[in-house]
Amino acid sequence: MTHHLNPHQDQAVKHIEGPMLVIAGAGSGKTRIITHRIVHLLNIGVPAAEILAVTFTNKAAEEMKHRINQLSFKNILTCTFHSLAAKILRESIHLIGFSNQFSIYDEDDSLSLIKSCLKTLGYEDEKSRVKSIKSSISQAKNDLKQPNDLKADSTLSSLDFTIFKSTYSLYQQKLKEYNALDFDDLLFQCVHLLKTSEPARVYYQSKWSFILIDEYQDTNEAQYLLTKLLVQKHQNLFVVGDPDQSIYSWRGANIQNILNFEKDFKNAKVIKLEQNYRSTNHILSAANSLIQKNSSRYEKNLWSALGDGEKVQITTHENEYEESRYVMQRISSHHARGIGYEKMVIFYRTNAQSRIYEDALLKQKIPYVIVGGISFYQRREIKDLLSYLKVAISPSDFISFSRTINLPKRGLGPSFIEKLKEVSERASLPILEVCTKLICSPLSFIECKLTTKQQESLKGYLEVIEYIQNGAKNRIQLKELIKKTIEKSNYLDHLKEDKETYEDRKANLDELITKASEWDEENEELTLEHFLEELSLKSSSEGKNPYHESVKLMTLHNGKGLEFDVTCIVGLEEEILPHVNSKHSNEELEEERRLLYVGMTRAKKHLYLTSSSYRMLWGTPRLMEPSRFLEELDQEHLIYPLKKESFFERREERSTPALSRQSFSEEKSAEDEFRVGSYVIHKDFGKGIIQKAYMTSLGKTYDVFFNDTRSTKSLVAKFAKLKRG
DNA sequence: GGATTCATTCTTTTT
DNA sequence: GAATGAATCC
């Protein structure tokens, strides 16, 4: 950005003491305000060590550090809430009775722990609900509720509640036993620490006299309390956010935190930044017209001095292939006219939608990068290897132990693990120690009869672990440590079992080694613990070179904070955006609207909103309805390049039976009572939609997709008495 | 104990 | 349609 600070920005940057809230609309120079304010603080003599900048993602934290470094040589702590909490707990968690060498469990780790808890409690049948239990636990922790604080909720049946409560309880007990914290615990325990330990509170409250928080609208209860605890002494809290871009309520984010800022912090100053430096006006006005449909918001109106620009282009296509072809065409055409691929983005609501665009881009030989998605550190081979390191550091970490003990196959399968677990629980010994005892003094744990072969392989495993432990102690280079771990464990044997993926996975391991050697160079006194911590908190595999000449593909959630010349938002259909699961409540619906708003406001010059009439969804072809959000956009900023008649006439046309062009149906349906796309009601199955109409030996037959069961049934007309829906 | 096949489930977003 | 889990067979 080349502009100077406008008066509002200047006021924010020059602010020094006391709480301040900056409501920063999309494209109003949010990050710029934070970085400039930090530099301003440094310039007036605030020591770098007293400034703390908190962001929401690792990417944002790194970006901020980078931008500060462009303006100043001083080193400022920029981190995410989670990494801040991890840092604090590493130093001080012993004050509340945990070991400072805890492991951090990611989503997968905690899921498998919850699974095993359910099993222990005898709820075998509840396996399908692991995920919902996980999210309930997560929700409870975000609200800082321990198992005993829970009250039966009207939404849960009493049995469900019992299951939930006891599982949560056992899960916490196991985490402590395994010396592990999950993501939510990092925040939870950190708040707990600051609340209960006076010395910790005093220490951390005076450590940072200036705290800045980005994306404040996304804070949850735990993050809010952590913030409050940390700023209590100095009250120099500077938060920046935009309520209209709050898109993480499903993760516990509480929009009230930003809306109540003035009440929470006495004498808070508020500044609104409403000038947008990113988009041209048709785009901006269209986005404004959408977000104004939300009822609960902090009123503001963005404006831009960048001219009218182009109207927002709306198109509907026959099916998702046509849709992707159109997007390809637009991308190529802009590229031909001189816009680099890296300035273009394709946004979708769900990750599952990315595949068709990958295929299309591959076919067109257009370079692309998927941003977000399956992260490098969540790949199986990487997690396996890191688990080896984790067990070595944290010998009670049962989850990492059971992940690695039989990789490669050592003849030490589930039943062996089960037995060990029992012994370890009964003797309350770390799982690794049980193994050592088993080898050194086999008589003391008689129940575990091992074959000689098993003993040998267990010995082999322990040697690997021992090697890692010694290596860590003697500060061997990480690169060396990882290389040797792969060698000594014969892990590659395991990968070789799947020849298809072997090369890829091996390449990933090589990349891990490369990353490790980069770490070795960057930081001499880096310990293995630090390395593991950093990796467990990092989910995005930020591309090697972010400015690479390639089209970006990502979910709308991943788009926050970015901007693109050419922005395509695809799949604008009911059930996708807004997503099916968000349609029950108005709050969730408003969040979907904000999500689209975030996507639209990424666009600088060209914005495309596309949709399909038919789409393969959950394995079956479905007739899709255009997203309600399209109707909410102010018409004067839109254009429908593919059709002469307006989009709404098309919509009319499609809801009448005279549907002539259907790629998924047969033409025979012309004289039938129901046609493809008609809504019907079945007395047992409820409301449905005709997907296919055809003749069989039994007569007219329809394939009907039923909303209630989300499945398609083939029904013979004369037996199934279908009514018009 | 291990591998293969079959079946079922669940499809949102992520630190 | 993918990915996980259970059942079955070696």
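A, B, ... follow the sequence lines: proteins, then strands. Residue 1 opens every chain. Hydrogens, waters and symmetry mates are skipped; everything else that's a heavy atom, side chains included, is used.
Nucleic acid contact for A:R594: none, since no nucleic acid atom lies under 4.0 Å from a heavy atom of the residue. Across all strands, A:F81 comes closer than 4.0 Å to no nucleic acid atom at all (heavy-atom distances). Using a 4.0 Å heavy-atom distance criterion, A:E107 is classed as a base contact. A:N406 comes within 4.0 angstrom of the backbone, heavy atoms only, and of no base.
The aromatic rings of A:Y491 and A:H494 are tilted relative to each other, their planes meeting at an angle between 30° and 60°. The aromatic rings of A:Y168 and A:F164 lie parallel to each other, their planes meeting at an angle below 30°, with 60° marking the opposite boundary.
With rounding to whole Å, A:E592 atom CD is found 11 Å from B:dT13 atom P. Rounding to whole angstrom units, CG of residue A:L111 and P of B:dT14 are separated by 15 Å. The distance between atom CZ of A:R380 and atom P of C:dA3, rounded to the nearest whole Å, is 10 Å. Whole-Å rounding puts the A:H494 NE2 to B:dG2 C1' distance at 14 Å. Separating the CD atom of A:Q353 from the P atom of C:dG1 is a distance of 16 Å, rounded to the nearest angstrom. Atom CG of A:D182 is separated from atom C1' of B:dT14 by 14 Å (rounded to the nearest Å). Rounded to an integer number of Å, the gap from A:I356 CD1 to C:dA2 C1' is 16 Å. In this entry the distance linking CG of A:L617 with P of B:dT12 reads 11 Å, nearest Å.
In this structure, the nucleotide among B:dA3, B:dT11, B:dT14 sitting nearest to the side chain of A:Y248 is B:dT14. For A:E588, the side-chain atoms get nearest to B:dT12 when compared with the rest of B:dG2, B:dT14, B:dT12. When distances are taken from the side chain of A:S582 to each of B:dT12, B:dA3, B:dT14, the shortest belongs to B:dT12.
Each of A:G411 and A:F56 was assigned the nucleotide of DNA chain B with the nearest heavy atom; the assignment lying further toward the 5' end belongs to A:G411.
No option in A:N179, A:D397, A:I393 other than A:N179 meets the side chain to side chain contact (heavy atoms under 4.5 Å, CB included) test with A:F102.
Note on A:K115: a side-chain N or O is less than 4.0 Å away from OP1 or OP2 of C:dG5. In terms of phosphate contacts, A:T555 brings a side-chain nitrogen or oxygen within less than 4.0 Å of OP1 or OP2 of B:dT14. In this structure, A:K131 does not reach the B:dT9 phosphate: none of its side-chain N or O atoms is under 4.0 Å from OP1 or OP2. Phosphate contact (OP1/OP2 of B:dT13, side-chain N/O of A:N351, threshold under 4.0 Å): present. Contact annotation: A:R355 side-chain N/O to C:dG1 OP1/OP2 distance is not under 4.0 Å.
With hydrogens and angles disregarded, no donor-acceptor distance shorter than 3.5 Å links the side chain of A:Q101 to the backbone of A:S394.
In this structure, A:K65 places its NZ atom where more than 12 heavy-atom neighbours from other residues, nucleotides or ligands lie under 6.0 Å away.
One finds a salt bridge joining A:D106 and A:K383 here, because a Lys/Arg side-chain nitrogen approaches an Asp/Glu carboxylate oxygen to under 4.0 Å.
A stacked arrangement is assigned to A:W250 and the six-membered base ring of B:dT13, with a centre-to-centre distance below 5.5 Å and an interplanar angle below 30°. By the stacking rule of 5.5 Å between ring centres and under 30° between planes, A:H579 does not stack on the base of B:dT13.
One donor-acceptor pair, N or O on each side, does fall under 3.5 Å between the base of B:dT13 and the side chain of A:R349.
Of the C1' atoms belonging to B:dT12 and C:dG5, the separation is 23 Å, rounded to the nearest Å.
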